[in-house]
Every structure is written in C-alpha cells, then in structure tokens.
Amino acid sequence: MRAPIIAGNWKMNNTPQQAVALIEELKPLLADAPCTVVVCPTFVCLGAAAQALCGSNIHLGAQNMHFKANGAYTGEVSADMLKALGVEYVILGHSERRQYFAETDETVNLKTKMALEHGLIPIVCVGESLQQREQGITAQLVRGQTKAALDGLTADEAQQVVIAYEPIWAIGTGRTATAQDANEVIGIIRGAVAELLGEDTAAALRIQYGGSMNPKNASELMAMPEIDGGLIGGASLKAGDFSAVVHF
Ligand code: PGA
C-alpha cells in the first residue's frame, strides 16, 4: 500500500516573511492531514520555513539543487546545504527548469543520485508538452524521462523516489488532465519503472499527478488507483486551497 503524498511547489513566490506567515496559517489546517504533506519554498526561505515548521507534521522540500557536492558553481546550492537546513525532499527536473534552465535527463539523473546519497527524497518531474501529446508521443516521452532519471539506481534507492507526472500543457493553465488520462499515463510510467527495476519496485514507488490540481478536482484524481498524490503549484499558495487539496 503506497502512502499518499501531496507537495506544494511554491515556485518563485513568497519572501521569507510571507513564507512563514503561510506556514503559520497551514499548520493548524493540516494538523490532521490524511497524507504526507510537503511544502517547497524557494532556497532563501528554507531556513525560516524550517524553523516555522519545527514540531509540525509538515515536511520541507526544496525546488532544485546542484548535482555536484560542492565547488565553483556560482549561484548553485548543494544537497549538503539543503540537509543542513532540515530539508527532506527536493523537486528535480521540473518542466520549468527543463524549459528555461537547460535541465536535461542527464542532469536530473545526476541530481537524483546526489539527493539519495544525502538522504533527500527526490520528487522527479516528467511530462509531455501539448505538441508532444498531439504528436502521440506522450508514452514514449514519459517512459524515456522516467528511465533516464532512475538510470543506475538500485531497486532500494528507486523505491524512495517520488515521481510527479506533470503534463506541461496542464501546468498553471487551469487545464487539468482528466483523471482517466492522468491515471493511464501514470500507469505507463509505473510500467517503465517495472521494466527497469522490477514489479516490486514499481508497485512501491509513489507517483503524483501535477498540473492545475485544485480543491475541485483533487478527490477525483486521488481516487484513481495509480495516482498516489499531487504536486500543487497555484493552489498551494493559499492556505485554504492547499488544505482542501490535502483533505481530498
Ligand atoms: P500548477 O503547477 O498546480 O499551478 O499547475 C504545478 C507544478 O508546476 O508543479
């Protein structure tokens, strides 16, 4: 039985003060959350967020990290640094990073390995653009992204990874994949994990849906057998909306 996990991807929103205010609003609302809950503020908010979350049931995640341990990489942040702040999860390979910041399958794989080596749980994003969906290559694409991200991991390592299926055309657009569509593609992703690492690993690994998930569609999506959670952008920025999604 896979434990559901819902994560809020705050993207480039909220100052440290605003992040703490949002966390203070969330804490009482999510104290009885029926699933694992993670919030992912920007790097500069992580220290303040970790303090504000102390003693609560809400876990802390980052939105990215570098694939090297340390060194001359101006502007980058390492796994060690995240760990030292109390971060437990890290989003890797978000489509916005693939699209605007030259993230590749190869760097996502290196980052995934580095995160696991440091005891961070990677939330690895995969998903197709509208053009790719219309070309009929969704399955091929998500299978390729999934296998590339998990390449070289042992079954034990891979079981800790969370994958987020995020169709790019559904992100921030208000257009959600139908629950059936999302379930089908997530089944394809799970099939790719099974091919690479066996059925047991595929059955244990959690796969979220992301892309305009909100209080209205969360229960339908979460009711699907392959969907183990959500990666929430826009709806994670308002305490009431995020709480409603978490209480799907
Ligand atoms: P959205 O973003 O919920 O605003 O569509 C999801 C994401 O990009 O993780």
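Each ligand, and each atom within it, is numbered from 1 in the order the structure gives.
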**Student:** For Ile232 and ligand 1, does the shortest N/O to N/O distance drop below 3.5 Å?
**Tutor:**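 Ile232 vs ligand 1: no N/O contact under 3.5 Å.
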
**Student:** Testing the 3.5 Å rule here: is there a donor-acceptor pair between the side chains of Thr107 and Glu103?
**Tutor:**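 Yes - a donor-acceptor pair under 3.5 Å links their side chains.
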
**Student:** Which of the atoms of ligand 1 are close to Lys11, meaning less than 4.0 Å from one of its heavy atoms?
**Tutor:**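 Counting atoms of ligand 1 from 1, those under 4.0 Å from Lys11 are 2 (O), 7 (C), 8 (O).
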
**Student:** Non-hydrogen atoms of Ala170 versus ligand 1: any pair closer than 4.0 Å?
**Tutor:**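 Flag set, Ala170 near ligand 1.
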
**Student:** Does Glu106 CD have over 12 foreign heavy atoms under 6.0 Å away?
**Tutor:**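 Atom CD in Glu106 is not crowded, with 12 or fewer foreign heavy atoms closer than 6.0 Å.
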
**Student:** Got a second to check how far Glu220's CD is from Thr176's OG1, nearest 0.5 Å?
**Tutor:**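 Reported value, rounded in 0.5 Å steps: 9.5 Å.
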
**Student:** If you have a sec, work out which protein heavy atom is nearest atom 7 (C) of ligand 1 and how many Å separate them, to one decimal?
**Tutor:**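 Closest protein heavy atom to atom 7 (C) of ligand 1: Glu166 OE2, 3.1 Å.
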
**Student:** What is the nearest protein non-hydrogen atom to atom 4 (O) of ligand 1, stated with its residue, atom name and distance?
**Tutor:**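 The answer is Gly234 N, 2.8 Å.
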
**Student:** Please write down residue, atom name and distance for the protein heavy atom closest to atom 3 (O) of ligand 1.
**Tutor:**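 For atom 3 (O) of ligand 1, the nearest protein heavy atom comes out as Gly233 N, 2.9 Å.
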
**Student:** What do we get for Asn9 next to ligand 1 when only non-hydrogen atoms under 4.0 Å count, side chain, backbone, both or neither?
**Tutor:**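 Near ligand 1, Asn9 shows its side chain, while the N, CA, C and O stay back.
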
**Student:** Could you go through His94 and Asn64, starting from their C-alpha distance and side-chain angles, then the distance that decides it, and tell me whether this counts as side chain to side chain contact (heavy atoms under 4.5 Å, CB included)?
**Tutor:** CA-CA 8 Å; His94 190 280; Asn64 182 32; over 6 Å; no

**Student:** Would you call the rings of Tyr73 and His66 parallel, tilted or perpendicular, where under 30° means parallel and over 60° means perpendicular?
**Tutor:**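 Tyr73 vs His66 ring planes: tilted.
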
**Student:** Examine ligand 1 and decide if any of its atoms is less than 4.0 Å from a heavy atom belonging to Gly210.
**Tutor:**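 The answer is no, since Gly210 has no heavy atom less than 4.0 Å from ligand 1.
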
**Student:** Is there a donor-acceptor contact under 3.5 Å linking the side chains of Trp169 and Glu128?
**Tutor:**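 On atom types as modelled, these side chains qualify, holding a pair under 3.5 Å.
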
**Student:** When you look at Lys147 and Glu195, which way does the salt bridge (Lys or Arg N to Asp or Glu O under 4.0 Å) test go after all the steps?
**Tutor:** CA-CA 9 Å; Lys147 288 189 172 183; Glu195 279 170 23; 2.6 Å; yes

**Student:** Does the Lys83 side chain pair with the main chain of Leu120, one donor and one acceptor, at a distance under 3.5 Å?
**Tutor:**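 Here the side-chain-to-backbone pair does not exist.
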
**Student:** N/O of Ser212 under 3.5 Å from N/O of ligand 1, yes or no?
**Tutor:**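 Yes, Ser212 has an N/O under 3.5 Å of an N/O on ligand 1.
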
**Student:** With a cut-off of 4.0 Å, which atoms of ligand 1 are near a heavy atom of His94?
**Tutor:**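 Once the distances to His94 are compared, the set is 7 (C), 8 (O), 9 (O).
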
**Student:** Atoms of ligand 1 less than 4.0 Å from Gly172 heavy atoms?
**Tutor:**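 Numbered from 1, ligand 1 contributes 1 (P), 4 (O), 5 (O).
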
**Student:** When you measure from the heavy atoms of Gly211 to every atom of ligand 1, does any distance fall below 4.0 Å?
**Tutor:**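 Flag set, Gly211 near ligand 1.
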
